[in-house]
2 protein chains.
Amino acid sequence: MARTTPRGRTGAARAATVKDVADAAGVSIATVSRVVNGAPRVAEETKSKILKAVEALNYVPHTGARSLVTRRHDLIGVLLPDIHGEFFSEIVRGVDEAARRRGLHILVSNISGDANEDARVVAALRGRVGGLLIMAPDEGPDSLATRLPSDLPVVLMNTRGGGGRAALMIDNHAGALEAMAHLAAAGRRRAAHIAGPGRNIDASERLRGYRDGLAACFGGAAPMILQGDFCQTSGFEAGRAIAAMDPADRPDAVFAANDMMAVGCALALSEAGIRIPQDIALAGFDDIPLAGLVRPALTTVRLRMAEFGRRALARLVACMDDPDGACPEIEAMRPELVVRDSCGARSAPSGEEARPLAL
Amino acid sequence: MARTTPRGRTGAARAATVKDVADAAGVSIATVSRVVNGAPRVAEETKSKILKAVEALNYVPHTGARSLVTRRHDLIGVLLPDIHGEFFSEIVRGVDEAARRRGLHILVSNISGDANEDARVVAALRGRVGGLLIMAPDEGPDSLATRLPSDLPVVLMNTRGGGGRAALMIDNHAGALEAMAHLAAAGRRRAAHIAGPGRNIDASERLRGYRDGLAACFGGAAPMILQGDFCQTSGFEAGRAIAAMDPADRPDAVFAANDMMAVGCALALSEAGIRIPQDIALAGFDDIPLAGLVRPALTTVRLRMAEFGRRALARLVACMDDPDGACPEIEAMRPELVVRDSCGARSAPSGEEARPLAL
DNA sequence: GCAGTTTGTGTAAACGCTTACATTCCACGC
DNA sequence: GCGTGGAATGTAAGCGTTTACACAAACTGC
């Protein structure tokens with residue numbers, strides 16, 4: 001097990017303890033503890049004496065000692081995959097905000113997708129955190145989620161399977177469906193899809209949304225799927241493939257499983273002289289900052305990740321407060337369509353769009 | 001669930017303790033502790049018996065109890081401002097990676113810039129973390145850094161002042177100087193600067209680099225500074241202002257204090273029919289992902305933020321291990337120039353550039 | 001064989017905190 | 001006067017660890 005290296009000395013001077021405060025205020029440690037924890041039935045006078053001593057000695061309770069006796073932790077573990085950029089910080093911000101409001105702190109760590117290593121990370125967190133927030137969109141059904149310690153409240157974020165755990169999902173299917181409906185409403189007849197990596201739950205749910213959208217809004221047209229991997233290059237290649245098609249077979253709409261691929265696709269199309277949205281309407285997913293900056297501005301589906309983080313934490317706290325409560329429900333957060341210019345169906349510009357930026 | 005709990009109580013399963021492991025293995029708790037902590041002089045046979053019991057009981061030491069007696073914490077506080085996106089995740093990833101290698105965990109929190117609120121956050125972290133990593137590029141000299149508890153090892157990241165604290169800086173000045181030298185080497189004569197917000201240390205150091213670059217490489221030409229605020233819109237406005245100038249007075253090079261402003265500026269210039277790099281060479285700072293995607297691809301100065309995070313953590317650990325060691329040195333990390341197309345002085349393409357992407 | 005060392009293990013005392021229970025004090029009604 | 005009850009505070013028992021110290025057994029070298 002984790003062998004601990006001696007670390008983290010807190011400097012020379014011993015920090016003040018309850019005992020020191022009690023002595024300074026001329027009361028017992030129990031009373032100090034009561035004041036520090038806001039317990040009732042302490043005389044005003046005593047309370048202020050103690051608070052003065054706390055201030056003077058710069059006293060801060062030792063959380064280790066506290067959690068030892070209370071048997072609870074005010075730390076939440078947040079495990080996020082190695083996604084880059086925007087999402088990571090957004091989620092962390094949301095979780096942190098919600099945690100802080102409740103007097104909790106968050107312990108952040110990356111998970112790699114390697115089930116063994118991830119299990120080790122989780123193990124290191126037991127005995128330290130009161131609950132776990134885990135996001136692992138690439139997980140197979142048998143990995144991390146099923147190996148979680150049963151005595152630890154966990155909320156899974158956007159993860160496949162879940163094994164009876166509480167989970168908060170992004171409703172990728174609904175978002176994709178909405179994008180497809182939008183393309184259909186813009187008068188398109190034949191929609192292709194640039195798919196993300198298959199083992200990723202976002203990718204596969206968006207693909208499912210595409211298929212269902214085809215059935216629902218495109219009169220059951222045959223699917224036309226180009227495999228991508230969420231990165232821009234793969235979108236570019238998909239775009240080239242589309243450009244190379246016989247114009248008679250060519251789709252008049254493309255729904256990419258994320259914005260990066262949509263941007264790559266847009267580039268390939270415009271290099272081939274295909275106009276967006278006149279010749280081909282294009283929709284993405286995620287609403288990355290770039291989406292509003294490219295020209296034509298990309299119509300996409302927005303995920304509110306900070307909100308997602310906040311809700312996940314709220315869920316987790318609910319589980320922690322009520323350990324026996326049956327809360328392994330799966331809740332979903334619905335993303336929203338952001339209509340810009342790339343589908344040729346622009347509605348009233350939002351505030352963001354009013355800014356004079358483009359590329 | 002509670003099957004291995006010795007007390008046999010139904011209800012919430014108590015986590016296994018050293019005592020449980022000791023009983024199961026038929027040894028004393030001291031020996032268990034020794035094995036768990038990798039102490040020497042334990043018979044192989046005993047060790048394996050104990051490890052088996054640890055495994056069977058799914059034992060994890062209670063870190064609170066441990067830190068209570070050892071007087072050390074294996075938690076590091078990481079305080080980051082509300083910067084968005086890329087940087088945040090990069091830094092966290094770097095710090096996490098370096099921390100994990102040392103058996104440490106990181107506690108992440110946002111700081112707002114409001115000195116009182118931030119001080120409260122720091123207070124909540126005392127008695128919980130072994131050290132603090134703080135990044136606050138907007139700090140005034142008298143705020144957070146000076147109010148830090150003196151008994152806590154701290155490494156400041158890219159912060160002004162520092163008040164005798166150890167600090168790890170980004171050498172913005174050197175980076176800016178390098179960008180200026182590059183513009184001069186590309187044959188430019190008259191370089192303008194789009195500045196960032198003045199109270200931000202990155203902005204002011206880059207401005208200083210611009211001025212010194214003017215003196216060193218542009219024969220002491222008069223500065224031409226347009227005030228921006230790091231966001232794209234302000235770069236756009238600066239670009240419009242430049243485009244509106246009498247072509248005789250117009251600069252033939254623009255060094256923007258960050259990439260977002262450079263992109264905004266590029267847009268305004270190209271709207272005005274000014275060509276990049278033929279008419280005006282453009283350089284940015286940060287190397288955001290977008291920088292490689294715009295056309296012409298933006299020459300900029302790259303910050304390796306993950307590396308920055310790793311080094312900051314290493315510094316902090318050094319301070320923690322040697323509390324009396326005088327380590328309040330200020331170390332700087334030098335960014336690197338990334339030459340692309342926007343200065344008209346393209347050198348051999350790097351691997352990244354070989355990708356077929358553009359906008 | 002015997003002092004001295006080495007090796008493996010156990011005992012028990014903290015660490016700083018919360019909290020059940022005990023105590024004191026005082027006001028009240030009888 | 002006494003008993004009663006409530007308010008304010010104190011006493012002390014742990015919470016799960018680590019670790020100094022103690023001890024026993026097994027080796028050394030003579």
Side-chain angles (χ1 to χ4, degrees), chain A residues 1-10 13-50 53-54 57-74 126-128 130 151, chain B residues 5-7 9 12 14-50 53-54 57-74 126-128 130 151:
Chain A
M1 167 105 318
R3 144 204 117 59
T4 41
T5 352
R7 298 248 186 248
R9 309 190 33 173
T10 46
R14 217 184 89 263
T17 72
V18 256
K19 184 79 172 45
D20 301 326
V21 176
D23 290 351
V27 298
S28 76
I29 58 168
T31 307
V32 174
S33 175
R34 279 190 271 262
V35 169
V36 168
N37 293 294
R41 280 215 264 325
V42 177
E44 275 311 320
E45 191 194 0
T46 314
K47 187 185 288 186
S48 78
K49 254 193 320 194
I50 291 176
V54 164
L57 295 172
N58 202 6
Y59 167 72
V60 175
H62 187 292
T63 45
R66 177 179 282 176
S67 92
L68 183 56
V69 36
T70 59
R71 295 160 162 293
R72 40 183 34 248
H73 301 271
D74 57 357
R126 275 190 49 204
R128 178 193 304 273
D151 56 350
Chain B
T5 310
R7 286 271 187 265
R9 292 193 45 165
R14 217 185 87 257
T17 71
V18 254
K19 183 80 172 48
D20 301 326
V21 176
D23 289 351
V27 297
S28 76
I29 59 168
T31 305
V32 173
S33 175
R34 279 189 272 261
V35 168
V36 168
N37 293 293
R41 284 221 237 9
V42 178
E44 275 310 320
E45 192 194 0
T46 315
K47 188 185 289 186
S48 78
K49 254 193 321 197
I50 291 176
V54 163
L57 295 173
N58 202 6
Y59 167 71
V60 175
H62 188 291
T63 45
R66 177 179 280 176
S67 92
L68 181 57
V69 37
T70 59
R71 295 160 162 293
R72 47 179 64 107
H73 302 271
D74 56 357
R126 275 188 50 203
R128 178 191 304 274
D151 57 349

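So that the names make sense, note that chain A is the first sequence line, chain B the second, and so on, each numbered from 1.
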Given D:dT18, is OP1 or OP2 found less than 4.0 Å from the side-chain N or O atoms of B:Ser33? yes
Minimum heavy-atom distance between B:Ser67 and A:Gly64, given as atom pair plus value: OG-CA, 4.3 Å
Any chance you could measure A:Thr63, atom OG1, to B:Leu68, atom CG, to the nearest 0.5 Å? 10.0 Å
Between B:Thr17 and B:Asp20, is there a side-chain heavy-atom distance shorter than 4.5 Å? yes
From CG of B:Leu57 over to P of D:dG16, roughly how many Å is that when rounded to an integer? 14 Å
Looking at D:dT9, I'd like to know if its phosphate oxygens (OP1 or OP2) sit under 4.0 Å from a side-chain N or O belonging to A:Thr46. yes
Dump the intermediate steps for side chain to side chain contact (heavy atoms under 4.5 Å, CB included) on A:Ser33 and A:Asn37, then the final yes or no. CA-CA 6 Å; A:Ser33 175; A:Asn37 293 294; 3.3 Å; yes
Bend angle of the helix from C:dG1-D:dC30 to C:dC30-D:dG1 from five-pair axes at both ends, rounded to 10°? 40°
Base, sugar-phosphate, or nothing for B:Val42, non-hydrogen atoms under 4.0 angstrom? sugar-phosphate
Find the distance B:Lys19:NZ to D:dT18:P and express it as a whole number of Å. 16 Å
Stepwise side chain to side chain contact (heavy atoms under 4.5 Å, CB included) test for B:Asp151 and B:Arg126: CA-CA 9 Å; B:Asp151 57 349; B:Arg126 275 188 50 203; 3.9 Å; yes
Are any of A:Arg71's side-chain N or O atoms less than 4.0 Å away from OP1 or OP2 of D:dG16? yes
Minimum-distance pair of heavy atoms, taken over all atoms of A:Ile29 and A:Lys19: CG2-CA, 3.7 Å
Would you say the side chain of B:Val36 lies within less than 4.5 Å of the side chain of B:Arg66, judging by non-hydrogen atoms? yes
D:dT11, OP1 or OP2 - any side-chain N/O from A:Ser28 closer than 4.0 Å? no
Specify the residue among A:Val27 and B:Ala16 whose closest nucleotide of DNA chain D lies further upstream toward the 5′ end. A:Val27
Checking all strands, does A:Ala30 fall into the base, sugar-phosphate, or nothing category for heavy-atom contacts under 4.0 angstrom? base
Let me know the distance between CG of B:Leu68 and C1' of D:dT19, rounded to the nearest Å. 14 Å
Quick one: does A:Arg41 reach the base of D:dG6 with a side-chain donor-acceptor pair under 3.5 Å? no
First contact, last contact: which nucleotides of DNA chain C are these for chain B, 5' to 3', heavy-atom distance under 4.0 Å? C:dT7 to C:dG16
Flag side-chain contact, heavy atom, 4.5 Å: B:His62 against A:His73: yes
Euclidean distance, atom NE2 of residue B:His62 to atom C1' of D:dG16 [Å, nearest integer]: 7 Å
To the nearest 0.5 Å, what is the distance between OG1 on A:Thr31 and CZ on A:Arg34? 4.5 Å
Which comes earlier along DNA chain C counting from the 5' end, the contact point of A:Gly64 or that of B:Arg34, where each point is its nearest nucleotide? B:Arg34
What's the CD-C1' distance between A:Glu45 and D:dA7, to the nearest Å? 15 Å
Using a 4.5 Å cut-off on heavy atoms from C-beta on, say whether the side chain of B:Arg128 contacts that of A:Val60. no
Protein-nucleotide distance (A:Asp23, atom CG; D:dT11, atom P), rounded to Å: 12 Å
